[in-house]
*Asks:* 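One structure coming up, written as structure tokens, with questions to follow.
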2 protein chains.
Amino acid sequence: MADSGGAGAGGGETLLFLTDEQLRKGIEAMFFAYRGFTADPDRILADYGYGRAHHRAIHFINRSPGTTVNNLLSLLGVTKQSLNRVLRTLVEDGLVDSRVGNRDKRERHLFLTAQGSELEQKLSDAQRARMRQAYRLAGPDAVVGFRRVLEAMMDPEMRSHFTTLKDQG
Amino acid sequence: MADSGGAGAGGGETLLFLTDEQLRKGIEAMFFAYRGFTADPDRILADYGYGRAHHRAIHFINRSPGTTVNNLLSLLGVTKQSLNRVLRTLVEDGLVDSRVGNRDKRERHLFLTAQGSELEQKLSDAQRARMRQAYRLAGPDAVVGFRRVLEAMMDPEMRSHFTTLKDQG
DNA sequence: GTTGGAATGTCAACAAGGCTGACATAAAGT
DNA sequence: ACTTTATGTCAGCCTTGTTGACATTCCAAC
């Protein structure tokens with residue numbers, strides 16, 4: 001059914017990249033690449049007895065120190081109960097500092113401790129190394145395209161989170 | 001530490017795209033984009049009481065009809081026990097047909113039933129629609145770059161799986 | 001000032017889907 | 001025939017997602 005992108009009827013011959021086959025390859029590329037993307041951090045995390053959920057929390061706390069649980073929630077797109085379990089272990093293990101808010105005592109503001117920063121560095125170094133290698137192999141023009149397609153693939157809400165983080169950066 | 005990609009020392013000024021900040025943005029882009037990538041199938045799967053694991057199995061069985069459990073295993077990168085649970089429910093529900101091999105009776109060859117193909121279509125249509133939209137917004141050149149970076153990000157073993165599938169396609 | 005609703009975060013219990021270990025069956029080598 | 005190897009299945013554990021119930025804090029109405 002519906003080979004919607006072909007050069008056959010109507011459109012332009014510039015739409016060859018929208019064939020179902022091309023799209024399928026893109027889908028598989030995402031799948032395999034994401035495996036590579038998470039492989040190195042996963043190995044490090046296993047040494048600590050942590051999982052990807054811990055990595056994500058650590059990443060975004062490092063990115064926005066002092067962020068609240070609620071804010072982290074909307075970034076991660078999980079339930080607060082799920083995030084809470086992860087945060088609790090990180091606080092217990094002394095990687096994250098959770099301070100009650102001054103203005104609003106319902107909120108908890110989250111910071112990495114020195115120990116937390118150390119793990120963040122390890123994870124982030126490994127993941128950046130993979131990314132750097134891929135970027136280097138693909139070249140600067142490819143990187144621009146890569147980022148453009150990824151951004152277009154996000155849900156609008158996630159895209160706005162993404163660009164907000166970008167502006168901070 | 002280690003702002004390894006800067007234009008500062010040694011290399012060329014064409015390496016600005018390798019700054020730690022750029023790499024971090026790439027990492028976050030992957031994270032947010034992958035969420036979008038899986039969002040539509042996830043909704044459909046939920047109606048059937050299935051999860052992503054079922055989707056992956058269905059996708060690759062459709063891609064290589066008659067493939068064996070062992071072959072699927074190396075594509076998916078999970079344990080056979082894990083895959084088996086998913087396959088069992090798909091066979092029970094009549095979406096997948098599992099036929100004992102002729103040459104080697106230890107092997108099971110996997111096929112989608114009509115019902116399985118129907119679900120595959122739904123999932124794949126939704127995911128391709130998202131991909132098509134992203135490709136269209138980003139443009140053909142961006143798509144080439146996207147694919148190049150993703151391919152460079154894979155583990156070598158996954159990359160060879162990927163290109164093998166490509167050749168079949 | 002008290003009270004009721006909304007927001008924030010925590011605790012408990014359950015489900016999906018990873019994992020390892022133990023095992024049955026079939027094929028292949030000795 | 002007998003051991004070794006490959007393939008697939010069954011059982012049980014762990015992480016991490018989910019919903020439901022609840023405590024605390026804030027704010028607005030009274």
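Predicted, not measured: the structure shown is a model, and the values here were computed from it. Each chain gets a letter, A, B and so on, in the order its sequence line appears, and its residues count up from 1.
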*Asks:* Taking the minimum atom-to-atom distance to the side chain of B:Lys80, which one of C:dT8, D:dT9, D:dT16 wins?
*Replies:* D:dT9

*Asks:* Hey, is the side chain of B:Arg106 poking within less than 4.0 Å of OP1 or OP2 on D:dT9, counting only N and O atoms?
*Replies:* no

*Asks:* B:Leu83 has an atom CG; how far is it from atom P of C:dG18, in whole Å?
*Replies:* 9 Å

*Asks:* Classify the nucleic acid contact of A:Lys105 as base, sugar-phosphate or nothing, counting any heavy atom under 4.0 Å across all strands shown.
*Replies:* sugar-phosphate

*Asks:* Pick the nucleotide of DNA chain D nearest each of A:Arg56 and A:Asn102; which residue has the one closer to the 5' end?
*Replies:* A:Arg56

*Asks:* Counting side-chain heavy atoms from C-beta on, which of D:dT16, C:dG9, D:dG8 comes nearest to A:Glu107?
*Replies:* C:dG9

*Asks:* Please tell me whether B:Thr89 and B:His54 have a donor and an acceptor in their side chains that are separated by less than 3.5 angstrom.
*Replies:* yes

*Asks:* Show your reasoning for whether salt bridge (charged side-chain N to carboxylate O under 4.0 Å, His left out) applies to B:Arg130 and A:Asp155.
*Replies:* CA-CA 10 Å; B:Arg130 163 93 58 161; A:Asp155 279 338; 2.8 Å; yes

*Asks:* Quick check with a 6.0 Å cut-off and a 45 degree axis cone: is A:Lys122 positioned over the face of A:Tyr48's six-membered ring?
*Replies:* no

*Asks:* Would one find a side-chain N or O of B:Thr79 under 4.0 angstrom from OP1 or OP2 of C:dC19?
*Replies:* yes

*Asks:* Can the ring centres of B:Tyr34 and A:Phe31 be said to be less than 6.0 Å apart?
*Replies:* no

*Asks:* Within a radius of less than 6.0 Å around CG of A:Asn102, do more than 12 heavy atoms belonging to other residues, nucleotides or ligands occur?
*Replies:* no

*Asks:* Ignoring backbone atoms, establish whether A:Arg88 has a side-chain N or O less than 4.0 Å from OP1 or OP2 of C:dC11.
*Replies:* yes

*Asks:* Taking the nucleotide of DNA chain D with the closest heavy atom to each, which residue, B:Leu87 or A:Arg52, is nearer the 5' end?
*Replies:* B:Leu87

*Asks:* With a 4.0 Å limit, can you tell me whether B:Arg108 has a side-chain N or O closer than that to the phosphate oxygens OP1/OP2 of D:dT9?
*Replies:* yes

*Asks:* Check the phosphate of D:dT15 against A:His54, side-chain N and O only, distance under 4.0 Å to OP1 or OP2. Yes or no?
*Replies:* no

*Asks:* When only distance counts, do a donor and an acceptor, one from the side chain of B:Gln81 and one from the base of C:dG21, lie under 3.5 Å apart?
*Replies:* yes

*Asks:* Per the atom types in the model, does the base of D:dG17 pair as donor or acceptor with the side chain of A:Arg85 at under 3.5 Å?
*Replies:* yes

*Asks:* Once you round it to whole Å, what is the distance between P of D:dG8 and CG of B:Leu73?
*Replies:* 8 Å

*Asks:* D:dG8 phosphate, OP1 or OP2: any side-chain N/O from B:Asn84 under 4.0 angstrom?
*Replies:* no

*Asks:* So A:Gln22 and B:Arg147, do their side chains get closer than 4.5 Å, heavy atoms only?
*Replies:* yes

*Asks:* Checking side-chain hydrogen bond (donor to acceptor under 3.5 Å, both in side chains) against B:Asp42, which of B:Arg35, B:His55, B:Arg52 comes through?
*Replies:* B:Arg52

*Asks:* Contact list please: residues 42-50 of chain A against DNA chain C, heavy atoms, distance less than 4.0 Å, in numerical order.
*Replies:* none

